[in-house]
**Q** 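Quick one: this structure, given as structure tokens, is what I'll be asking you about.
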There are 2 protein chains.
Amino acid sequence: MIDGFMLTKEKIYIEAARLFQEKGYAAASMRDLADRLELRPSSLYSHIRSKENLLEKICFENAERYGALMQECLALELTAAAKVEYLLRQHIRIALKHPTSITVFNDEWRHLPPVSLKRFIGMRKVYEENFCTLLSQAMQEGHFRSFDPLLVLNTLLSSLLWLHRLDARATLPKEDAVIDLLLYGLRST
Amino acid sequence: MIDGFMLTKEKIYIEAARLFQEKGYAAASMRDLADRLELRPSSLYSHIRSKENLLEKICFENAERYGALMQECLALELTAAAKVEYLLRQHIRIALKHPTSITVFNDEWRHLPPVSLKRFIGMRKVYEENFCTLLSQAMQEGHFRSFDPLLVLNTLLSSLLWLHRLDARATLPKEDAVIDLLLYGLRST
DNA sequence: TCTTTGCGCGAACGAACGTTCGTGTACTTG
DNA sequence: CAAGTACACGAACGTTCGTTCGCGCAAAGA
């Protein structure tokens, strides 16, 4: 449960993310959610629109987080290789700071209703294209070894997926060690 | 659909894996499954026990596949580093050869009923411990750079998770390139 | 030929689902 | 004090779920 002062609406969003993370969106019921908040199911609807809308909020909140990150990154005056490192560092920090929300974002987006789903996939595509371009540039500039950029992109992004699933009791991995492990083999020097 | 001669029971298992992959276990219904097989829902139960049992079969079939792989690997006369490379190669091949089944195995195991869930987690624990030991040995033998073995394990296994999700139309990644990308930075020479 | 077996089917079951609606109540505002 | 707002609630809705049961038919075995 959530302690301290907090609006019921905020509590619902936070607990929904936790519930969706634990059980998955489809297996999580509004009755589950109400129980955890010590509310009756019908009371939820004084604060939220629908179960689907909870998922949309969680997914797009994070999609926009990553979108903003990419814009901010592209505006930096750095080499492409340094931008990639910057992005990866932020990915690690985001995954460790918002694990529940990011788990839902990563694993449950396919349950979005058709219109939202399309928009979501579009946003991800833009992000991945930008990321891929940076990888290509870093290779052309000679900072990274030559690889299929799409292969590298998929591998890099995939390799971080365990971070947000970490048990709350687990000792957090060191950011520098993760970066070292991911990038050392990519660099050409 | 599935062409050629095949027992109805086998068709059900194959189509169930596809359905669970597409929609997720909880969101997939037995009516969906029956539709795809051009059967009525009740007819499924002439061949299978329950929906849960379908999931159990898929998950443990793969758990045992990996268990056997590990036993076979440990029996090889190779350095620890070479064993790790061997395991990773097999992981890639398995993911590309059985993408639907492996997706269900990777993503849907948490919907197993309590008893099966416990057994499944136990099997995974054993596998990961063996893998982790190999990584430690490879570091002690000087073939791999020194890292927290658990960090390396999580990163390596995670980094392959995109393979089994690949669209059937996508061009398959080259096994050697993936191995190179994963291990180059890990090796100490 | 008679009997058994395998299996596809329609109908129906109880349970759980997301959600709506009208009500009661406790604050806030004028 | 009166009016309005916010919100928790019980009851109920229509739907979908996994599954069971008994029936009928066709192929296989004696």
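Every chain is numbered from 1 and lettered A, B, ... according to where its sequence line falls, protein lines coming before strand lines. Please read these numbers as outputs of a predicted model, since none were measured by experiment.
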**Q** Quick check: on DNA chain C, is the nucleotide nearest Arg40(B) upstream (toward 5') of the one nearest Pro41(A), or the reverse? Name the residue that is more 5'.
**A** Arg40(B)
**Q** Output the rounded distance in Å from CG (Leu55(B)) to C1' (dC17(D)).
**A** 17 Å
**Q** So, Arg36(A) and Glu22(A), do they make that salt bridge, N to O below 4.0 Å?
**A** yes
**Q** Please determine, for the side chain of Leu39(B), which listed nucleotide (dG8(C), dG18(D), dG10(D)) has the closest atom?
**A** dG8(C)
**Q** Check whether the ring centres of Phe20(B) and Phe105(B) lie less than 6.0 Å apart, and answer yes or no.
**A** no
**Q** Kindly say whether, by distance alone, the side chain of Ser50(B) makes a donor-acceptor pair under 3.5 Å with the base of dG18(D)?
**A** no
**Q** If pairs are Watson-Crick or G-U with both distances under 3.5 Å, what is the dot-bracket string of DNA chain C, marking crossing pairs with [ ] and pairs to another strand with |?
**A** |||||||||||||||||||||||||||..|
**Q** If you look at every strand shown and take non-hydrogen atoms under 4.0 Å, does Ala28(A) touch a base, only sugar-phosphate, or nothing?
**A** sugar-phosphate
**Q** May I ask you to say whether Arg187(A) pairs ionically with Glu85(A), meaning some side-chain N is under 4.0 Å from a carboxylate O?
**A** yes
**Q** Rounded off to whole Å, could you give me the CD-to-P distance for the Glu10(A) and dC7(D) pair?
**A** 12 Å
**Q** So does Ser43(B) get a side-chain nitrogen or oxygen closer than 4.0 Å to the phosphate oxygens (OP1/OP2) of dC7(C)?
**A** no
**Q** With a 4.0 Å cut-off on N to O distance, would you call Lys174(A) and Asp176(A) a salt bridge?
**A** no
**Q** Starting at the 5' end of DNA chain D, which residue's closest nucleotide do you reach first, Ser46(A) or Arg31(A)?
**A** Ser46(A)
**Q** Rounding to a whole Å, what distance do you find between Tyr45(A):OH and dG10(D):P?
**A** 16 Å
**Q** Taking 4.0 Å as the cut-off, does a side-chain nitrogen or oxygen of Ser42(A) come that near to OP1 or OP2 on dT23(C)?
**A** no
**Q** What is the separation between atom CG on Leu33(A) and atom P on dA16(C), rounded to the nearest whole Å?
**A** 18 Å
**Q** Is it true that a side-chain atom of His143(A) and a backbone atom of Leu186(A) form a donor plus acceptor pair closer than 3.5 Å?
**A** no
**Q** Determine whether a donor-acceptor pair (N or O, by modelled atom type, separation under 3.5 Å) exists between the side chain of Arg145(A) and the backbone of Gly185(A).
**A** yes
**Q** dG8(C), dC17(D), dG18(C): which one has an atom nearest the side-chain heavy atoms of Lys51(A)?
**A** dG18(C)
**Q** When the distance from NZ of Lys9(B) to P of dG6(C) is rounded to whole Å, what number comes out?
**A** 11 Å
**Q** Rounded to the nearest Å, what distance is computed from the CD1 atom of residue Ile12(A) to the C1' atom of nucleotide dC7(D)?
**A** 11 Å
**Q** Round to the nearest Å and state the distance from Ile48(A) atom CD1 to dA6(D) atom P.
**A** 18 Å
**Q** Is any NZ, NE, NH1 or NH2 atom of the basic residue among Arg18(A) and Glu15(A) found under 4.0 Å from an Asp or Glu carboxylate oxygen of the other?
**A** yes
**Q** Could you state the CG-C1' distance from Leu44(B) to dG6(C), rounded to the nearest angstrom?
**A** 15 Å
**Q** Examine dA8(D): is either OP1 or OP2 under 4.0 Å from a nitrogen or oxygen in the side chain of His47(A)? Give yes or no.
**A** yes
